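Working notes, structure below.
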Amino acid sequence: MPKEGITPRAQDYSQWYLDIVSEAELADYSPVRGCMVIKPHGYAIWEHIQAGLDQRIKATGHVNAYFPLFIPMSFLMKEAEHVEGFAPEVAVVTRGGGEELAEPLVVRPTSEAIIGSMYAKWIRSWRDLPVLINQWANVVRWEMRTRPFLRTTEFLWQEGHTAHATEEEAEAETLKILHEVYADFVEREMALPVLRGRKTEKEKFAGALRTYAIEAMMQDGRALQAGTSHNLGQNFARAFDITYQTPDNRQEYAWTTSWGVSTRLVGALIMAHSDDEGLVVPPRLAPVQVVVVPIYKRDEERSLVMQTIDRLQQEWGGRFRLKVDDRDHLTPGFKFNEWELKGVPVRVEIGPRDVEKGMAAVARRDVPGKQGKAFVEQAGLGDYIAGLLNDIQRELFDRARRFQKERTLEVRTYDELKEAVETGFARAYWAGTTEDERRIQDETRATIRVIPFDQPETAGRCVYTGKETTQQAIFARAY
RNA sequence: CGGGGUGUAGCGCAGUUGGUAGCGCACAGCGUUUGGGACGCUGGGGUCGUGGGUUCGAGUCCCUCCACCCCGACCA
């Protein structure tokens, strides 16, 4: 039974996505093109994403700081590839205080430039290293085509920026973030399985030595980059003159990294788990994990039902993020639909019959309709719900992993590749050039998402050039 | 930046040969309701995206501009 106001996925996936965003009250369009207002429910999900990431970022030894929104234009121009990559999409401030500025200020599209310039100031000796700083910030990129959460002119993110004494340390940092912070968070909290690997030259960050990424599969088989971690080598250290003195008294350039994930993760969450009934949020991320809907007709029924709910709530203590929907002017049916739309993992219904029998109706969001509804004794209900939340978390992950597996095809020929990317990912031997990659994109709209870390033992022939190689790549159309 | 589309009440839309703006939902009040999106009655709410033109008269015809949405190329 599809919800009012939601276009079924099968009919128009893209419209379905936009419907979920507005019907679940995650975001609204703002008066400024490409900018969105993140509404309380959408922001609450983002806050849980922030909390989970922040905790992991700190657990791996990083600290938070804040750098300014404005960057002198000249700073952005210091790293050649960086300029080329970002110049076309920056917003520039040319006036302030009613006067023309001596030097235009760029609204940060990312903060390598401003942070690099500060690191040059702060780092003197090998004893100052490593510097491990993260910031939570907004950035602006003047994109041509925008979609809520997936690509907006202004977006929220975290960006980590570190400086190290050696290449090995920088490389280890880059990979640690990818595995222990990003992949771990996205898989465990967001219940979203990811592919981990390296980006090709064509796809890497402007100015980086190497870019690593995690990629997730959406329900239409397209890929979404869920996080990136860059080993910047000494490129930015050279551009911003970040040097340190070694124990044996030499001046060396530092090795830097940067890494980020954004509000785009909210988009990933929607497209990975939700259905035609609305949003589905994994329990560990859900702002409200359990909603209780009281059912009653007369006043005395109402007070009996509410007494039971109060008692249960006390028994559970602060065990769940719980909401009792005691709005009086809405019918239970309306509330059921609304909370399904908003993706609350578990709904408990308590009415006069349940009060009498010591029971409750419990519905799980990941199994829509009657099949997901069970009648459970009030005694032990808290444990039942705790177990159910775990089940839902696991089931969402397993479902997404199964889907990703089924839709990832090993292909040998270019024709097979073309067909595979129509519905999902294609895994193929790859020994082509950046030019070859570009041609494949023109012809199939698919790009290499990652060169995965897990590679085959045996050699094969490149899907495009026919050259023998041991390297495989994942091709897909991407958001 | 190319292609397509849409601008009329908060939202979704209708508006006939040009004649002075309406429907559904939402909202407010009252009453009855409440186990899967309740019902009745009453009520409030509009410089019809902007600027110009044609006309006695424009939501409607003509021109200009603007905004937003969708599809592509660029990107987290």
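Here is how names work: the chains are called A, B, and so on, in the same order as the sequence lines, proteins then strands, and each is numbered from 1. These figures come from a predicted structure and were not determined experimentally.
To the nearest whole angstrom, the two P atoms, one in B:A26 and one in B:C41, are 14 Å apart. Taking the C1' atoms as reference points, B:U55 lies 26 Å from B:A14, given to the whole Å. Between B:G15 and B:U20, the two C1' atoms lie 13 Å apart (nearest whole Å). On the P atoms, B:G10 is 14 Å away from B:U50, given to the nearest whole Å. On the C1' atoms, B:G59 is 7 Å away from B:U8, given to the nearest whole Å. Here, B:A21 and B:U60 have their P atoms 14 Å apart, quoted to the whole Å. Rounded to whole Å, the separation between the C1' atoms of B:U42 and B:U47 comes to 28 Å. One P atom belongs to B:C71, the other to B:C25, and the distance between them is 31 Å to the nearest Å.
Contact annotation: A:T331 does not reach the phosphate of B:G37 (side-chain N/O to OP1 or OP2, under 4.0 Å). The side chain of A:Q441 contributes an N or O atom lying less than 4.0 Å from OP1 or OP2 of B:C74.
Applying the side chain to side chain contact (heavy atoms under 4.5 Å, CB included) rule to A:T433 yields the partners A:E435, A:D436; only residues at least two apart in sequence or on another chain are considered. Annotation: side chain to side chain contact (heavy atoms under 4.5 Å, CB included) contacts of A:L76 (sequence neighbours excluded): A:H82, A:V90, A:V106, A:P109. For A:L175, the side chain to side chain contact (heavy atoms under 4.5 Å, CB included) criterion is met by A:E171, A:H179, A:Y212, A:F453, not counting sequence neighbours. Residues satisfying the side chain to side chain contact (heavy atoms under 4.5 Å, CB included) test with A:A206, not counting sequence neighbours, are A:F86.
Base-pair partner of B:G37: not found among the strands shown (Watson-Crick or G-U wobble, both distances under 3.5 Å). Base pairing analysis places B:A21 opposite nothing; no Watson-Crick or G-U wobble pair with both distances below 3.5 Å involves it. When Watson-Crick and G-U wobble pairs are counted only if both distances are under 3.5 Å, B:C27 pairs with B:G43. Under the Watson-Crick or G-U wobble criterion, with both distances below 3.5 Å, B:A67 is paired with B:U6. B:A73 is unpaired under the Watson-Crick or G-U wobble criterion, no partner having all donor-acceptor distances under 3.5 Å.
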Show the distances under 3.5 angstrom between N or O atoms of the protein and N or O atoms of nucleotides 69-72 of chain B.
from	atom 1	to	atom 2	distance (Å)
B:C71	OP1	A:S14	OG	2.5
B:C71	OP2	A:R145	NH1	3.0
B:C71	OP2	A:R145	NH2	2.4
B:G72	OP1	A:R445	NH2	3.4

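Here the nucleotide nearest the side chain of A:E340, chosen from B:A76, B:G36, B:G37, is B:G36.
Each of A:Y464, A:W430, A:F425 was compared with A:F475 under the ring-ring contact (aromatic ring centres under 6.0 Å, His included) criterion, and only A:W430 meets it.
Both A:T153 and A:K370 sit near RNA chain B, but only A:K370 has its closest nucleotide nearer the 5' end. Comparing A:R141 and A:F334 by the nucleotide of RNA chain B whose heavy atom lies nearest to each, the residue mapping closer to the 5' end is A:F334.
Here A:G351 lies in heavy-atom contact (under 4.0 Å) with a base. Residue A:A361 is classed as a base contact, given a heavy-atom separation below 4.0 Å to a base. Nucleic acid contact for A:P352: base, since at least one base atom lies under 4.0 Å from a heavy atom of the residue. Nucleic acid contact for A:Q225: sugar-phosphate only, since backbone atoms but no base atoms lie under 4.0 Å from a heavy atom of the residue. Base engagement by A:S262 is indicated by at least one non-hydrogen atom pair under 4.0 Å involving a base atom.
The aromatic rings of A:H230 and A:F205 sit parallel, their planes meeting at an angle under 30°, below the 60° perpendicular limit. Taking the six-membered ring for Trp and thresholds of 30 and 60 degrees, A:F236 and A:F240 have nearly parallel ring planes, at less than 30 degrees apart.
A pairwise comparison of heavy atoms in A:P352 and A:E301 identifies CG-CD, 3.7 Å as the closest pair.
If you check distances only, the side chain of A:K335 never reaches the base of B:G35 with a donor-acceptor pair under 3.5 Å.
In this structure, A:W142 atom CH2 and B:A73 atom P are separated by 22 Å, rounded to whole Å.
Both geometric conditions, a ring-centre gap below 5.5 Å and a plane tilt below 30°, are not fulfilled together for A:W157 over the base of B:A76.
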Donor-acceptor pairs are to be reported for all side-chain atoms of residues 369-377 of chain A against protein atoms at under 3.5 Å, with residues two or more places apart or in another chain.
from	atom 1	to	atom 2	distance (Å)
A:K373	NZ	A:E349	OE1	3.2
A:K373	NZ	A:E349	OE2	3.0

